[in-house]
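Below is one structure, written out as structure tokens; the observations come after it.
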Amino acid sequence: MTIIQKNIMHVRQQIEHAAVQAGRTTLDVQLLAVSKTKPVAQIKEAYMAGQRLFGENYVQESIEKIQLIKDDCSFNDPICWYFIGPLQSNKTRLVAENFDWVQSVDRFKIAQRLSAQRPTNLTPLNICLQINISAEASKSGTTLTQIMELAAQVSLLENLTLRGIMAIPEKTQDQAILSQQFKALHHIYLKLQTLYPEVDTLSMGMSADMQLAIASGSTMVRIGTDIFGRRN
Ligand SMILES: *Cc1c(COP(=O)(O)O)cnc(C)c1O
């Protein structure tokens, strides 16, 4: 077994442990393998360990890798591709054409473009709205006060399906602050679910804060470093 395959097994065990501790099951929490900056050969190792959901941040890099993988017959099951990085207007077309999900939608203009540019022979693009939960100026994401309005607008777009929210919490060791932010996100998630029946994704939790995120109701953790190792 390769290091990446061992890492995936270990992360899955951690997810299971955290889920059981929280009275949930592993089936409630999906694992998104964040493969940004990592080569196709490493994605293949994760794929061989059964991983099918991959997250990417950079448009050009990810399109190249998605194309290489499409042309490589050793990937015979489909991979589900998630775009999770900051997205500028001039890059939306490539994302609309090549990804299954975008979890980093933070303004209506981007959503409109994604909907208009989604090829109609594909299923609607799945969308999570990114929330800047700590309201840090350096971070992208919509705010808590704007989220419901943005959700209402996005839910009307034809070639998109609103599936939930994504957030990167504050970089802090303070468990109380983290827990408070995760709880606030869970609260919004439940509120969105009552309004939009297709909402089923609360994407929160990364390598460092996975356990608390799962205890707070996360349905998807996004793990890069703990699977593929450090990035340069
Ligand atoms: C890079 C990234 C991750 C993965 O972070 P790690 O600390 O490497 O696990 C998760 N979510 C987003 C949005 C990212 O950009």
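Each ligand, and each atom within it, is numbered from 1 in the order the structure gives. All values derive from a computational prediction rather than experimental measurement.
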Open item on the list: Under a 3.5 Å cutoff, is there a donor and acceptor pairing between the side chains of Thr143 and Thr145?
Closed with: yes
Task: 4.0 Å heavy-atom contact, Arg231 with ligand 1 - done: yes
TODO: Mark up the atoms of ligand 1 that fall under 4.0 Å of a heavy atom belonging to Lys36, in ascending order.
DONE: 1 (C), 2 (C), 3 (C), 14 (C), 15 (O)
TODO: Ignoring angles and geometry beyond distance, decide whether Asn57 reaches within less than 3.5 Å of ligand 1 through its nitrogen or oxygen atoms.
DONE: yes
Task: Minimum side-chain heavy-atom gap Asp72-Lys44 below 4.5 Å - done: yes
Task: Nearest-neighbour protein heavy atom for atom 12 (C) of ligand 1, which is reported as residue plus atom name and distance - done: Ile84 CD1, 3.6 Å
Open item on the list: Counting non-hydrogen protein atoms only, what is the nearest one to atom 11 (N) of ligand 1? Give residue, atom name and distance.
Closed with: Arg222 NE, 2.8 Å
Open item on the list: Check for me whether Ile168 has a heavy atom closer than 4.0 Å to any atom of ligand 1.
Closed with: yes
Task: Electrostatic pair Lys36:Glu61 at N-O distance under 4.0 angstrom - done: no
Task: Heavy atom of the protein closest to atom 5 (O) of ligand 1 (residue, atom name, distance) - done: Met206 CE, 3.5 Å
TODO: Answer yes or no: does an N/O atom from Gly224 fall short of 3.5 Å to an N/O atom of ligand 1?
DONE: yes
- [ ] Return yes if a side-chain donor-acceptor contact under 3.5 Å exists between Gln117 and Thr92, otherwise no.
- [x] yes
- [ ] Among all protein heavy atoms, pick the one closest to atom 7 (O) of ligand 1 and tell me residue, atom and distance.
- [x] Thr225 OG1, 3.7 Å
Task: Donor on one side chain, acceptor on other, Thr161 and Glu198, under 3.5 Å - done: no
